[in-house]
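Counting starts at 1 for both ligands and their atoms, following the listed order.
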Amino acid sequence: MMDWNADLYENKHDFVAEYGRDLLSHVPENPSQSILDLGCGTGMLTHALLEKSSSVVGLDASPEMIGKARQLYPGMDFRVMDACRMPWNNWFDLVFSNAAFHWIPDQEKLLKAVFRILKPQGKLICEFGAYHNILRIRETFQASLKRIGLTPNTRFYFPTAEEYRSLLEQTGLHPELVLDFDRPTPLKDGPDGLRNWVRQFFCADLKNLTEKKRSRIFKEMEEALRDDLWDGSQWVADYRRIRVMAVK
Ligand code: BEZ
């Protein structure tokens with residue numbers, strides 16, 4: 001499992017939640033609905049979901065993330081939990097999730113669990129990495145690791161819209177919208193933006209390397225990606241998103 005640096009995430013990668021605000025605008029307002037924020041991270045969107053309902057639960061597999069969320073938003077209901085093993089049945093009106101599903105390898109199990117916890121007519125609204133998400137970043141990272149005899153062990157699930165639509169249907173969820181699109185995403189911190197991002201999200205691959213090796217990887221990646229992803233003042237990650245709305 002990923003060792004999340006919750007402080008780095010909160011300070012430097014809050015764009016993840018910022019983009020989630022757009023997704024949030026699709027959540028209807030209804031004080032009596034129960035909402036689950038699946039993969040809530042440090043809880044920014046879980047907290048924002050209180051604008052839509054008074055009954056909101058945030059769930060994340062990372063104790064570090066949930067620790068930070070509890071510290072930031074005391075009094076809210078946050079749980080450390082594996083999304084594939086959620087204990088509820090017919091419980092939530094809405095499952096919301098931003099930038100989390102791509103970390104979960106067993107999507108069939110995940111969607112079965114989402115189906116189970118939703119009430120009849122309940123809705124899934126989620127967004128995560130689509131096919132070819134961060135393709136250039138992954139390619140250069142892989143090439144750098146290969147040069148030192150390693151292969152990446154961080155695995156992501158980035159499906160096409162067609163693939164995900166049929167997975168939803170197989171699970172019994174009725175897709176209302178399944179859309180994939182490019183979302184070039186500026187990274188904070190000027191010249192350090194790319195290395196900060198890589199440090200955070202590929203930490204499982206980097207944690208056992210010396211700082212010297214890590215620096216070499218960052219330099220190689222920056223060189224290889226400069227033409228495509230540096231816009232003169234900031235790094236712009238080659239994000240692609242899939243947005244899903246589906247009903248039980
Ligand atoms: C994403 O949000 O697309 C993402 C972030 C970190 C690693 C992989 C994907």
Student: Near Trp103, which atoms of ligand 1 are under 4.0 Å from a heavy atom of that residue?
Tutor: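 So the answer, numbered in order with elements, is 6 (C), 7 (C).
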Student: At a non-hydrogen distance cut-off of under 4.0 Å, which region of Trp197 contacts ligand 1 (side chain, backbone, both, or neither)?
Tutor: side chain
Student: Of all the atoms in ligand 1, which lie at a distance below 4.0 Å from a heavy atom belonging to Asn133?
Tutor: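 Here the atoms of ligand 1 in question are 1 (C), 3 (O), 9 (C).
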Student: Which one holds for Phe128 and ligand 1: side chain close, backbone close, both close, or neither close, with close meaning a heavy atom under 4.0 Å?
Tutor: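 Neither; nothing of Phe128 gets under 4.0 Å from ligand 1.
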Student: If the cut-off is 4.0 Å to any non-hydrogen atom of Phe201, which atoms of ligand 1 fall inside it?
Tutor: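 Going through ligand 1 atom by atom, the ones under 4.0 Å from Phe201 are 6 (C), 7 (C).
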Student: Below 4.0 angstrom from a heavy atom of Ile134, which ligand 1 atoms are there? Numbered from 1 as shown, please.
Tutor: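 The list of qualifying atoms is 8 (C).
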Student: I'd like to check the salt bridge (Lys or Arg N to Asp or Glu O under 4.0 Å) partners of Glu51; sequence neighbours left out, ordered by chain and number.
Tutor: none
Student: Angle between ring planes, Tyr157 versus Tyr164, binned at 30° and 60°: parallel, tilted or perpendicular?
Tutor: tilted
Student: Flag the pair Asp106 and Lys109 as a salt bridge only when some basic side-chain nitrogen lies within less than 4.0 angstrom of an acidic carboxylate oxygen.
Tutor: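 No, Asp106 and Lys109 are not salt-bridged.
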Student: With atoms numbered from 1 as shown, which atoms in ligand 1 lie under 4.0 angstrom from a non-hydrogen atom of Phe156?
Tutor: 7 (C), 8 (C)
Student: Taking the side chain from Thr160 and the backbone from Tyr131, do they hold a donor-acceptor pair closer than 3.5 Å?
Tutor: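 Not confirmed, Thr160 side chain does not pair with Tyr131 backbone.
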Student: Check the angle between the aromatic planes of Phe156 and Phe158 and answer parallel, tilted or perpendicular using the 30° and 60° thresholds.
Tutor: parallel
Student: So is Gln200 in contact with ligand 1, going by heavy-atom distances below 4.0 Å?
Tutor: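 Contact absent.
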Student: Regarding Asp238 and Arg136, does a basic nitrogen lie under 4.0 Å from an acidic carboxylate oxygen?
Tutor: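 Looking at Asp238 and Arg136, the cut-off is not met.
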